[in-house]
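Presented below is the structure to which this report refers.
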Amino acid sequence: VSFTSRFSRISLKGNHAELGEPPGTLPTVGTNLTDIVVHKIKIIVRELGGCMGPIWPSYYRDCCSVIFMVDAANTTQVSSSCIQLLSVLSAEALETTSVLILFHKYFVLCTFSDIPCPMSLVEMKSLFRLDDIICARQPITVLGISARNGQGLQDVQKWLHSIQK
C-alpha cells in the first residue's frame, strides 16, 4: 500500500476513521499513478520510488508540483535522500515548481510499532540542513506526516489545494 493510495482515502472533514486499518509499510518500488480529488479538483499523482531516482528528470517537464517524501524511520537512507532532494531542487525544469517535503513516520508523541527509533521533525530538518537549502528558488513547504495514523494528511491536502489556485 502506497502513501498516495492511503492519502486518497482521507476525509476532508478530518475523520481518520475512514482510513481503515493501517497497512504494512513498504517502500515504493517502480512507479504508481493515482488520481486524487482535493476540493473537487482532480490531481494526478505519479509516485516514483527512490530507486527510480536516475530517471526522475524525465518526468520534470510535465510536473506541476513536487512532493518529496522521506522515510524518517529509515535513518540509513537519510544521506541518499538528501542528495536526491538537492538534485531535485537544483533541476532547472523545477526551479519555479512548488515543493512539499514530507518527513513520513517522524516522531509524534506516540509510538509506531514499525519504527524502532523515530526522529523528531527538528532532528530530520537538521539532518537535511533544511535551513541551508530553503534558500532554493522554489517555494518549499516542510511537513511531518504519518500515513499510518493519518496525522498531517489534511495539511498535505491543504497544500495541494493552495497550489492549485
Side-chain angles (χ1 to χ4, degrees), residues 1-12 25-75 77-106 108 119-148 150-165:
V1 175
S2 69
F3 162 76
T4 51
S5 64
R6 185 89 168 137
F7 177 72
S8 65
R9 293 184 206 150
I10 190 168
S11 161
L12 293 176
T25 56
L26 294 171
T28 301
V29 177
T31 179
N32 298 317
L33 195 60
T34 307
D35 293 340
I36 295 175
V37 178
V38 177
H39 298 285
K40 299 180 183 177
I41 299 171
K42 179 180 168 185
I43 300 170
I44 300 170
V45 177
R46 180 171 303 275
E47 184 177 8
L48 301 171
C51 62
M52 303 293 285
I55 66 163
W56 287 0
S58 63
Y59 294 97
Y60 293 168
R61 183 175 38 92
D62 299 325
C63 192
C64 299
S65 59
V66 171
I67 299 176
F68 189 92
M69 184 175 304
V70 178
D71 183 349
N74 191 346
T75 56
Q77 291 295 314
V78 168
S79 60
S80 67
S81 294
C82 189
I83 291 167
Q84 283 181 316
L85 176 60
L86 291 173
S87 175
V88 168
L89 294 176
S90 64
E92 188 175 331
L94 298 175
E95 68 182 16
T96 59
T97 304
S98 295
V99 175
L100 174 61
I101 302 170
L102 295 178
F103 290 110
H104 184 234
K105 296 187 259 182
Y106 76 104
V108 290
M119 286 188 270
S120 70
L121 190 56
V122 171
E123 289 170 314
M124 290 303 297
K125 286 179 176 183
S126 177
L127 281 172
F128 270 73
R129 300 184 55 124
L130 286 182
D131 290 340
D132 294 334
I133 65 171
I134 293 295
C135 62
R137 294 181 180 168
Q138 301 91 331
I140 298 173
T141 303
V142 179
L143 296 173
I145 66 155
S146 171
R148 186 168 180 82
Q151 184 164 350
L153 295 183
Q154 282 201 317
D155 293 329
V156 175
Q157 279 188 333
K158 289 175 188 173
W159 181 83
L160 284 168
H161 182 68
S162 74
I163 63 168
Q164 296 300 314
K165 293 181 179 180

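Values in this document were obtained by computation on a predicted structure and should not be read as measured data.
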* Ala91: what forms a side chain to side chain contact (heavy atoms under 4.5 Å, CB included) with it, not counting sequence neighbours? -> Tyr60, Leu94

* Asked: How far does NE2 of His161 sit from NZ of Lys40, to the nearest 0.5 angstrom?
  -> 11.0 Å

* Looking only at heavy atoms, what is the nearest atom pair of Pro57 and Pro54, with distance? -> CD-O, 3.7 Å

* **Asp62 CG to Ile44 CD1 distance, which is reported to the nearest 0.5 Å** => 10.5 Å

* Considering non-hydrogen atoms only, spot the tightest contact between Val66 and Thr97 and give its length. => N-CG2, 4.0 Å

* To do: Working to the nearest 0.5 Å, report the span between OG of Ser65 and CD1 of Ile163.
  => 3.5 Å

* Kindly indicate whether the side chain of Ile67, heavy atoms from C-beta on, has any atom under 4.5 Å from the side chain of Trp159. => yes

* Can you list every side chain to side chain donor-acceptor pair (under 3.5 Å) pair that touches residues 81-96, not counting sequence neighbours? -> Glu95-Arg137

* Which atom pair, heavy atoms only, marks the closest approach of Met69 to Ile145? -> CE-CD1, 4.1 Å

* Just how far is it from atom OG1 of Thr141 to atom CG of Asp155, taken to the nearest 0.5 Å? -> 10.5 Å

* Look up atom CG in Leu143 and atom CD in Gln154, then write down how far apart they are to the nearest 0.5 Å. => 12.5 Å

* Structure fact -> Nearest heavy-atom approach of Leu153 to Ser146 is CG-O, 4.4 Å

* **Validation row: Leu85, Val70 side chains within 4.5 angstrom (heavy atoms)** => no

* Asked: So, do Ile36 and Gln157 sit near enough that their side-chain heavy atoms are less than 4.5 Å apart?
  -> no

